[in-house]
Structure formats: C-alpha cells, structure tokens
Amino acid sequence: MRYTTSGESHGRALTAIVTGVPAGIALDQARIDADLARRQSGYGRGGRMAIETDRALILSGVRFGSTIGSPVTLTVANRDWDNWTDVMAVSGEPTATARVTAPRPGHADLAGIQKTDSADCRDILERASARETAARVAAGGVARAFLAEVGVTVASFVASVGDVAMEAPADPSAVDPELVEASEMRCPDAVATERMKRAIDAARADGESLGGTFYVTARGLVPGLGTYAEASRRLDARIAAAMLSIPAIKGVEIGSAFESATLPGSRVHDEIAWGGPRGYYRTTNRAGGLEGGMTTGEPVVVRAAMKPIPTLMRPLASVDIDSHETIDASKERSDVCAVPAAAVVAEAELAFALAGAYLEKFGGDCVSDIVAAVAAYEARIAP
Ligand SMILES: Cc1cc2nc3c(=O)[nH]c(=O)nc-3n(C[C@H](O)[C@H](O)[C@H](O)COP(=O)(O)O)c2cc1C
C-alpha cells in the first residue's frame, strides 16, 4: 500500500491517491476527519488553523463504507483558497507582490529556487509547506483502517517541547490515548502540558519558534514483519525513512537506542520467554519491537525529534535573491510550535510502513484472506 499526494499550501485543494488497497476494509470517513482535526490541533499553531476545518472527500475506491480493491482518492479542500486566487492563479501573469524574494533559513526556499531555476521562493514554499501533511493524514486513514482489521493500533504523544520534557514513561506504547487527546499539547502529563504552553507563549512573545520530541507507537503486531534479508526492506529502516519524510523531523530513535548505546549488552537486549497466547514473548522491550529489520511481536516504539519551525516572526538574516543585499527572511503566517501535529502525521507514516509490511507477508487482494492468513500464521508460531 502506497500513497502519493499533490497540492500546494494555498492552492485549491490537496489530493492523496492510495494504491495497493485490499478490498473489504471498513473505512469510516468520520474517523479520517477526526485524525485531520487532531493534525490541526495543538497549542502553538498559526492563524490558519482557525480558518480551516479539514474534511476528507473520498472520490474513489470505496462503496458503502468498504474499500473495493481500487485506488482510493481523497481530497482536502483549502478553505483559504478564495483569498489566494490571484497569487496562485493557474494562468496569467504574477503580480509583483506575489513574489517571495527573501528565502528563509531552515526552509526549502533557497535550495529549491537554485535547483529549479525559479525567481520566486513561493514556487517552492507552496509545496514544501507542511500543509501537504493534511493529505498524508487523510491517506493514512486507509492504512489505519487496514491495520484495525488485523488488530493493530497506532498512537502518539508529545514528550517534550523546547527544554520542557515530561518524565519518559516506562512503556510509551501503553500511554492512555484519552489523556493525550485531553491535553492541548497531546502530552499525557498535565503538569508538563502547562509548562510546554508557557514555553510556547514565551516563544511567541519573543518572535521565536520551538521544536520538540514525540513518541509514535504500534501495538498488536505479529512478529516477523519486514526482513533481515534485504537492506531496503528492513522494517526499522523503512520506519526511520518514513519519519524523516515528515518536514522538520531530523532525528529518529527506535526503542531506547541512544540510552542503549551507553550500556553493556546484558542491560540492553530483551530476554526471550515462552507462555500465554502469543507463545514467545520478551520480558522487556528496549529494542522498540524491532530486531533484524523485523517486528518482534512487542509494541513498536519510535521517538522522533522535530526542529524548531523555520519561519520566525523575528526573522534571521537572509539575502534578497534580486539584489543580493542582506535582508530579513520572509514571514508567512506560521506555527510557533507544531510538535503535536507532527506526531499525528507520524502516526499516518507508521501506519503506512506497517500496512505495507503486512501486505508483503500476507497478500494484498482481500481483507478476509489476509485476516485468515494472519490467524494461520499466529496459530503456527504459538501452537
Ligand atoms: C505539522 C507541521 C507543521 C509545520 N508548520 C510550519 C509552519 O507553520 N511554518 C514553517 O516555517 N514550517 C513549518 N513546518 C516545518 C517546515 O515544513 C519544514 O521545516 C520545511 O519544509 C523544511 O524542511 P526540513 O525542516 O525537513 O528541512 C511544519 C512541519 C510540520 C510537520
């Protein structure tokens, strides 16, 4: 199962096409809209979130609430489009004010115009903008719905913003989603939530921005998804690449990788035991559910680091692309902190990586065949 997206930040709409979708997945549009709302949530977002309430419109691949085995197309309208018809016109000549000539440090603007021979950073920023991640979240709804059919759930929460961090939970995959969604920071720790909000208030007042870290986890997985046999199909590598495909995500940790690097092997590796309905299990999960490029059957636990938002209301120095004089970097309406939203995008990415691994192992045409194949496999490995 793969997706591709199209659409500019201030264009008419975003589109996602999901291919490789088995028939028979129960797809609830309200659930996709709920995920889109979660992506728009979070203290520290810019003014745009107040204008837009994203809704996914399903254009293909679904009948009477169920996928039919054809590509699923979803669109998300940009409700702000009416204010951008001049700047984003498909034909005609651009007005002088429509050009952006002060590339922002930390954004795609400068390398983008160099590579495409454009004289307008807007040609780049419209697509590099993380508005595109709304289409990913809509597409991710298909992957999540498939995973639900095989008993897998994906979740996330914010662990830190700037230098404010909650105490790391012993098992990040067991964090209560209700606590997460009740927090304006999507952080299960109420005290840390308030401290994060205060840090964002201070950053906003100072024309600053903040990054942070989040966990994204999955439960209910069978062991043996992914492979040790081919570098490009190792599931840990695919999950890391999926996380790094999200704008502003610059670091990925699987399990307790960075702490593990400081400890001897006997205090890191998860001992193997036998018992209960699953047969083999691990007494700990420092590997984050992945060994040898495959799932172990324990929850997948990934932590990601997001850099601070590049658009600053107190801009850094840049160079005007016409005159080459030093000027302030351009300002677009912008988030101060988007870590809670990025975590929701990461859920969609993890869902795609895991759905792809299930379909590789268990076939891809029809959900009932896949569910039967998963059950037969589970029976074989835990007799
Ligand atoms: C959910 C989300 C929201 C974002 N919002 C903004 C924003 O409002 N302003 C901004 O400059 N960057 C924002 N970013 C980050 C930029 O899109 C990103 O830094 C830029 O595309 C450059 O890519 P890179 O950081 O991966 O190098 C956001 C990222 C995510 C994941």
Side-chain angles (χ1 to χ4, degrees), residues 8-10 39-52 80 83-84 87-88 96-114 118-134 158-165 184-187 192-214 246-251 304-343 345:
E8 277 75 42
S9 178
H10 299 99
R39 193 204 72 94
Q40 291 192 287
S41 71
Y43 198 79
R45 306 305 302 280
R48 181 162 191 177
M49 297 307 138
I51 308 170
E52 312 244 17
D80 206 13
N83 300 318
W84 288 80
V87 176
M88 296 301 292
T97 51
R99 277 182 73 218
V100 177
T101 60
R104 291 162 298 172
H107 224 297
D109 306 351
L110 180 57
I113 57 162
Q114 288 177 309
S118 171
D120 185 354
C121 298
R122 185 162 297 287
D123 288 339
I124 312 307
L125 68 89
E126 281 291 330
R127 180 66 184 158
S129 156
R131 174 71 185 148
E132 182 265 348
T133 61
V158 172
S160 70
V161 163
D163 63 2
V164 178
E184 283 180 272
M185 291 308 302
R186 304 198 61 253
C187 171
T193 293
E194 290 310 310
R195 289 176 53 223
M196 289 173 185
K197 285 168 59 183
R198 283 202 296 277
I200 290 168
D201 288 341
R204 192 190 295 278
D206 217 12
E208 274 289 3
S209 65
L210 290 173
T213 61
F214 60 81
I246 302 168
I249 302 307
K250 296 296 149 190
M306 183 176 193
K307 75 185 190 184
I309 296 288
T311 306
L312 298 176
M313 292 305 120
R314 192 155 50 83
L316 293 174
S318 182
V319 170
D320 184 274
I321 61 172
D322 292 335
S323 67
H324 295 163
E325 281 171 11
T326 299
I327 51 165
D328 284 348
S330 69
K331 291 189 258 182
E332 290 274 313
R333 189 173 49 201
S334 185
D335 300 325
V336 175
C337 173
V339 185
V345 181

Sequence-distant partners of Thr326, side-chain contact (heavy atoms from CB on, under 4.5 Å), two or more places apart: Ala317

Between the CE atom in Met185 and the OG atom in Ser160, the distance rounded to the nearest 0.5 Å is 9.5 Å

Sorted by chain and number, sequence neighbours left out, salt bridge (Lys or Arg N to Asp or Glu O under 4.0 Å) with Arg122 holds for Glu126, Glu332

Tell me every residue that passes side chain to side chain donor-acceptor pair (under 3.5 Å) with Ser330, counting only those two or more places apart in sequence or in another chain. none

Closest heavy-atom contact between Val336 and Ala203? CG1-CB, 4.0 Å

Does Ser318 use its side chain to pair, donor to acceptor, with the backbone of Pro103 at less than 3.5 Å? yes

Shortest non-hydrogen separation from Gly162 to Leu210 and the atoms involved: CA-CD2, 4.1 Å

Check: Asp335 side chain, Gly46 main-chain N or O, donor-acceptor pair, under 3.5 Å: yes

Would you call Arg333-Asp80 a salt bridge at under 4.0 Å N-O? yes

Contacts of type side chain to side chain donor-acceptor pair (under 3.5 Å), residue Asp322, not counting sequence neighbours: Arg99

What's the spacing between Arg195 CZ and Asp163 CG if we round to 0.5 Å? 8.0 Å

Could you name each residue pair satisfying salt bridge (Lys or Arg N to Asp or Glu O under 4.0 Å) that touches residues 198-214, not counting sequence neighbours? Asp206-Arg314, Glu208-Arg314

Sequence neighbours excluded, which residues qualify as side-chain contact (heavy atoms from CB on, under 4.5 Å) partners of Lys250? Lys307

Value rounded to 0.5 Å, distance of SG in Cys337 from CE in Met306: 7.0 Å

In chain order, what residues pass the side-chain contact (heavy atoms from CB on, under 4.5 Å) check against Thr133, with sequence neighbours excluded? Arg39, Ala130, Arg136, Pro247, Val345

Which heavy atom of Ile309 sits nearest to which heavy atom of Ala338, and what is that distance? CD1-CB, 4.0 Å

State which residues pass salt bridge (Lys or Arg N to Asp or Glu O under 4.0 Å) with Arg104; sequence neighbours excluded, sorted by chain then number. Asp109

Sorted by chain and number, sequence neighbours left out, side chain to side chain donor-acceptor pair (under 3.5 Å) with Asp123 holds for Ser118

Excluding sequence neighbours, so at least two apart, what forms side chain to side chain donor-acceptor pair (under 3.5 Å) with Thr193? Ser183

